[in-house]
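Along the sequence shown, residues carry numbers from 1.
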Amino acid sequence: MPTPLIRPFAITDIDHALALNNASVPHVNELDRAEVQRLAELAACALVAEIDGEFAGFCWVLGPGQPYASLNYRWFSARYDDFVYLDRIAVYDHLRRHGVGRALYAELVQRFTGVCPVLLCEVNVRPANEASLRFHSSLGFQEVGQQDTDGGAKTVSLLELPLTVRR
């Protein structure tokens, strides 16, 4: 499998991101086209992974102070002054375990280390997303809390990864 190419998210990626996002429910919440565009525009960084020129996955992170009503974003905003929040990452099923997610995270870590103190995200623990929990643990994320979402239908593990410059 070729190494994923990571590039900035473009307006032409909206339909691909929408389809992939909604195919990834319940691990992410469903969105409409307007919300995909809005969130990509709010993002401090929005990225796409390609393999052989084909859309393979995407992610975006938000900084503090954004007009975003996400319960998880609000939880982090109440506890951290300076951060980047990984609101969304999605990779096509058939490309998982081929380095796409790892390449997206590596790009985020490279871009924000020394710029922001911490990268934040959440992963479902109910219903459990075991593969994502293992993946985030392998990257060094640590749980800093849990909360129920979707009216109690889901529980998420709230995670942080320090972005300190290593000497």
Side-chain angles (χ1 to χ4, degrees), residues 6 8-9 13-14 17-18 20-49 57-91 96 100-166:
I6 306 301
F9 192 96
D13 295 316
I14 290 172
L18 175 64
L20 176 53
N21 183 86
N22 291 347
S24 301
V25 173
H27 302 304
V28 295
N29 62 310
E30 189 170 347
L31 298 175
D32 62 22
R33 190 177 197 286
E35 188 66 355
V36 169
Q37 182 171 348
R38 185 181 86 82
L39 291 173
E41 289 171 354
L42 280 180
C45 180
L47 301 172
V48 167
F58 74 98
C59 73
W60 56 65
V61 296
L62 302 173
Q66 295 300 318
Y68 188 37
S70 158
L71 185 63
N72 298 318
Y73 179 77
R74 287 195 321 255
W75 190 95
F76 287 124
S77 293
R79 290 161 177 81
Y80 294 84
D81 292 326
D82 192 13
F83 62 87
V84 282
Y85 167 68
L86 180 66
D87 175 65
R88 192 155 315 255
I89 183 168
V91 175
R96 289 191 182 143
V100 176
R102 204 165 284 279
L104 287 165
Y105 272 93
E107 182 68 22
L108 291 173
V109 168
Q110 179 182 345
R111 285 180 184 229
F112 289 103
T113 294
V115 176
C116 267
V118 65
L119 174 61
L120 306 169
C121 68
E122 76 278 340
V123 175
N124 287 355
V125 293
R126 186 177 54 90
N129 187 342
E130 294 296 338
S132 186
L133 288 165
R134 284 190 303 275
F135 175 74
H136 284 86
S137 177
S138 78
L139 294 176
F141 279 86
Q142 298 289 318
E143 185 176 88
V144 293
Q146 287 191 0
Q147 75 174 346
D148 291 336
T149 62
D150 291 351
K154 294 180 184 177
T155 302
V156 296
S157 173
L158 300 145
L159 305 171
E160 73 168 13
L161 178 68
L163 297 175
T164 55
V165 179
R166 295 194 175 107

Non-hydrogen side-chain atoms of [X] and [Y] separated by less than 4.5 Å:
X: Thr164; Y: Pro117; result: no
X: Asp148; Y: Leu71; result: no
X: Phe135; Y: Arg102; result: yes
X: Leu108; Y: Leu163; result: no
X: Trp75; Y: Val144; result: yes
X: Thr149; Y: Asn72; result: yes
X: Val125; Y: Val156; result: no
X: Phe9; Y: Leu47; result: no

Verify, without hydrogens or angle tests, whether [X] (side chain) and [Y] (backbone) share a donor-acceptor contact under 3.5 angstrom.
X: Tyr73; Y: Gln66; value: yes
X: Arg33; Y: Ile14; value: no
X: Ser137; Y: Leu133; value: no

Item to check | Asp81 atom CG, neighbour heavy-atom count above 12 within 6.0 Å | outcome: no
Checklist entry - Do other residues, nucleotides or ligands put more than 12 heavy atoms under 6.0 Å from Glu35 CD? => result yes
Which heavy-atom pair separates [X] from [Y] by the least distance, and what is that distance?
X: Gly101; Y: Val91; value: N-CG2, 4.0 Å
X: Ala40; Y: Ala46; value: O-CB, 4.2 Å
X: Lys154; Y: Pro127; value: CG-CD, 3.9 Å
X: Cys116; Y: Val84; value: SG-CG1, 3.8 Å
X: Val36; Y: Ala17; value: CG1-CB, 4.1 Å

Distance only, no hydrogens: is a donor on one side chain within 3.5 Å (strictly under) of an acceptor on the other, for [X] and [Y]?
X: Asn21; Y: Glu30; answer: no
X: Tyr85; Y: Glu122; answer: yes
X: Ser157; Y: Glu143; answer: yes

Checklist entry - Is a salt bridge present between Arg38 and Glu41, judged by a nitrogen-to-oxygen distance below 4.0 Å? => result no
Kindly compute the distance separating [atom1] ([X]) from [atom2] ([Y]), expressed to the nearest 0.5 Å.
X: Cys121; Y: Glu160; atom1: SG; atom2: CD; value: 10.5 Å
X: Leu120; Y: Leu158; atom1: CG; atom2: CG; value: 9.0 Å
X: Asp13; Y: Leu18; atom1: CG; atom2: CG; value: 12.0 Å
X: Ile6; Y: Leu104; atom1: CD1; atom2: CG; value: 4.0 Å
X: Glu107; Y: Cys45; atom1: CD; atom2: SG; value: 7.0 Å
X: Leu86; Y: Leu62; atom1: CG; atom2: CG; value: 9.0 Å

Checklist entry - Hey, do the aromatic rings of Phe112 and Phe83 have their centres closer than 6.0 Å? => result no
Checklist entry - Under the side chain to side chain contact (heavy atoms under 4.5 Å, CB included) criterion, do Val61 and Arg88 qualify, and how do the steps go? => result CA-CA 7 Å; Val61 296; Arg88 192 155 315 255; over 6 Å; no
Next on the checklist: Assess the residue pair Leu159 and Leu161 against the criterion (side chain to side chain contact (heavy atoms under 4.5 Å, CB included)); give the C-alpha distance rounded to whole Å, side-chain angles, the decisive distance to 0.1 Å, and a yes or no.
Outcome noted: CA-CA 7 Å; Leu159 305 171; Leu161 178 68; over 6 Å; no
Checklist entry - Mind checking whether Trp60 and Phe58 have parallel, tilted or perpendicular rings, split at 30° and 60°? => result tilted
Item to check | Passing option when Cys59 is tested against Val48, Ile89, Asp87, Val100 for side chain to side chain contact (heavy atoms under 4.5 Å, CB included) | outcome: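 It is Ile89; the other options fail the test.
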